[in-house]
Protein chains: 2
Amino acid sequence: MDNFDDILDNIKRYVPLNKKDEAEFTSIIQVKKVKRKEFIVEPDRTCTHQTYVLKGAFRSYFVNEDGIDHTIQFAIEDWFISDFNSYINQVPASLYVEALEDAVVQQIAFGDVEDLCQNNPKFERFFRLVAQKSFAFAQRRVLSNLGKSAQERYIEFQGQYPSIVQRVPQYALASYLGMTPEFLSKIRKRLATKS
Amino acid sequence: MDNFDDILDNIKRYVPLNKKDEAEFTSIIQVKKVKRKEFIVEPDRTCTHQTYVLKGAFRSYFVNEDGIDHTIQFAIEDWFISDFNSYINQVPASLYVEALEDAVVQQIAFGDVEDLCQNNPKFERFFRLVAQKSFAFAQRRVLSNLGKSAQERYIEFQGQYPSIVQRVPQYALASYLGMTPEFLSKIRKRLATKS
DNA sequence: CTAAAAAAATGAACTAGATTAAGAAATAAG
DNA sequence: CTTATTTCTTAATCTAGTTCATTTTTTTAG
């Protein structure tokens with residue numbers, strides 16, 4: 001059967017759930033398989049779901065007028081991903097969310113989540129805590145972008161998310177860190193030869 | 001007496017409040033006057049409160065090892081400000097929050113807010129919606145930092161927050177936009193002479 | 001009103017990182 | 001396997017933005 005243990009454990013890191021809560025939550029989950037290079041969100045189409053990654057890897061990114069893309073977020077197992085701005089305001093997306101590997105996801109629809117939150121304060125609380133944590137995280141990223149050099153940003157990310165560094169293409173990582181793939185290549189060489 | 005109308009109106013943009021809700025909320029508000037250049041948050045001291053600006057202007061900023069400061073956020077009337085990471089995790093702050101003008105603020109303590117949220121789902125919901133909006137905003141800022149040139153970032157900010165541009169010192173704005181004050185000066189001259 | 005301090009402007013020299021282009025290596029998918 | 005495609009590397013050139021040093025302007029607080 002479907003494995004909802006991981007996503008429930010994720011929630012239980014923030015709020016305790018009894019069997020009834022669990023049933024309520026799992027009843028709104030939709031499971032989906034996604035092939036590598038497939039999009040689960042695309043610009044101009046409203047992002048209707050939050051996506052929990054059960055297996056696989058994703059990235060969300062923005063493509064600007066010049067065709068250059070900027071990675072907003074990566075997500076591997078046990079992470080949520082979406083075009084959050086599109087999702088919470090239910091307006092057309094500006095991002096792509098693309099599978100970097102064949103993947104299995106568990107999705108929850110905006111309307112279902114809002115209903116759930118209205119009916120069960122535990123979930124309202126869960127989504128508050130997650131949003132607050134996400135905001136604090138995003139602020140740290142702003143700080144890192146403002147204050148650090150390209151090399152320092154790479155080293156910091158590598159220290160914090162070694163599994164992501166190994167798993168995603170270098171051009172995607174470069175675009176997350178705000179530099180060109182060529183420059184990231186140069187940094188890696190510099191770091192490798194130095195030690 | 002104290003004027004709580006503005007802060008209550010702010011909340012009511014997200015959730016409806018009856019008189020009892022209003023009383024519950026205002027009972028935990030602490031009012032404070034702050035002089036220009038005074039800090040309401042400092043590194044290494046835990047940020048115990050969220051601050052609502054009734055009158056005045058603030059900025060939060062980080063000072064790195066080289067003594068260079070990076071502005072994270074501005075706040076004028078009707079905005080909230082804090083070291084959010086310190087506040088929600090109740091860990092020592094890494095930011096300064098400084099008054100740019102003499103100010104009057106209304107503060108709510110972390111513990112009081114958590115109690116309020118547990119007892120009244122309307123406030124849980126309010127803080128969820130605010131956190132989600134803040135997160136979406138922070139993501140847009142990351143995007144803007146990654147994708148745009150210094151001049152584009154300035155023009156964008158100026159279009160979105162003209163009142164802040166006029167009100168805060170240029171060095172603070174430069175440090176928010178991720179450039180040196182000298183370069184911002186150059187951009188402004190370029191834009192002024194071009195038109 | 002005025003002296004002192006803070007903020008902004010200017011310009012010359014410099015550099016981190018981008019751009020371009022081409023070849024090498026890795027990976028995917030028949 | 002094997003070939004087509006995608007990804008990564010390398011190196012030369014270029015530029016947006018920084019640094020540093022000085023001057024001018026604005027603000028502040030007695």
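In what follows, chains are A, B, ... by sequence order, proteins preceding strands, each numbered from 1.
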### Query
When we call it a touch if two heavy atoms are under 4.0 Å apart, what does B:Phe183 touch: a base, just sugar-phosphate, or nothing?
base
### Task
Nearest-nucleotide wise, let me know which of B:Glu182 and B:Tyr171 is further upstream toward the 5' end of DNA chain C.
B:Tyr171
### Query
Are any non-hydrogen side-chain atoms of A:Ser144 and A:Glu156 less than 4.5 angstrom apart?
yes
### Task
For A:Lys189 and C:dG17, give me the distance from atom NZ to atom C1', rounded to whole Å.
16 Å
### Query
When you measure from the side chain of A:Asn85 to the backbone N and O of B:Arg140, does any donor-acceptor pair fall under 3.5 Å?
no
### Query
Rounded to the nearest Å, what distance is computed from the CD atom of residue A:Gln151 to the P atom of nucleotide C:dG17?
9 Å
### Query
Rounded to whole angstrom units, what separation is found between the CG atom of B:Leu100 and the P atom of C:dA7?
10 Å
### Task
Rounded off to whole Å, could you give me the NZ-to-P distance for the A:Lys186 and C:dT19 pair?
13 Å
### Query
Quick one: B:Leu173 CG to C:dA9 C1', roughly how many Å, whole number?
16 Å
### Message
Counting only side-chain heavy atoms from C-beta out, which of C:dA18, D:dG17, D:dA29 sits nearest to B:Ala150?
### Response
D:dG17
### Query
Does CZ in A:Arg45 sit with more than 12 non-hydrogen atoms of other residues, nucleotides or ligands closer than 6.0 Å?
no
### Task
Could you tell me the separation between the CD atom of A:Gln166 and the P atom of D:dT7, rounded to a whole number of Å?
19 Å
#### Entry: Residue whose nearest DNA chain D nucleotide is more 5′ - B:Ser149 or B:Lys37
B:Ser149
### Query
Can you check whether A:Gly56's main-chain N or O pairs, donor with acceptor, with A:Glu77's side chain at less than 3.5 Å?
yes
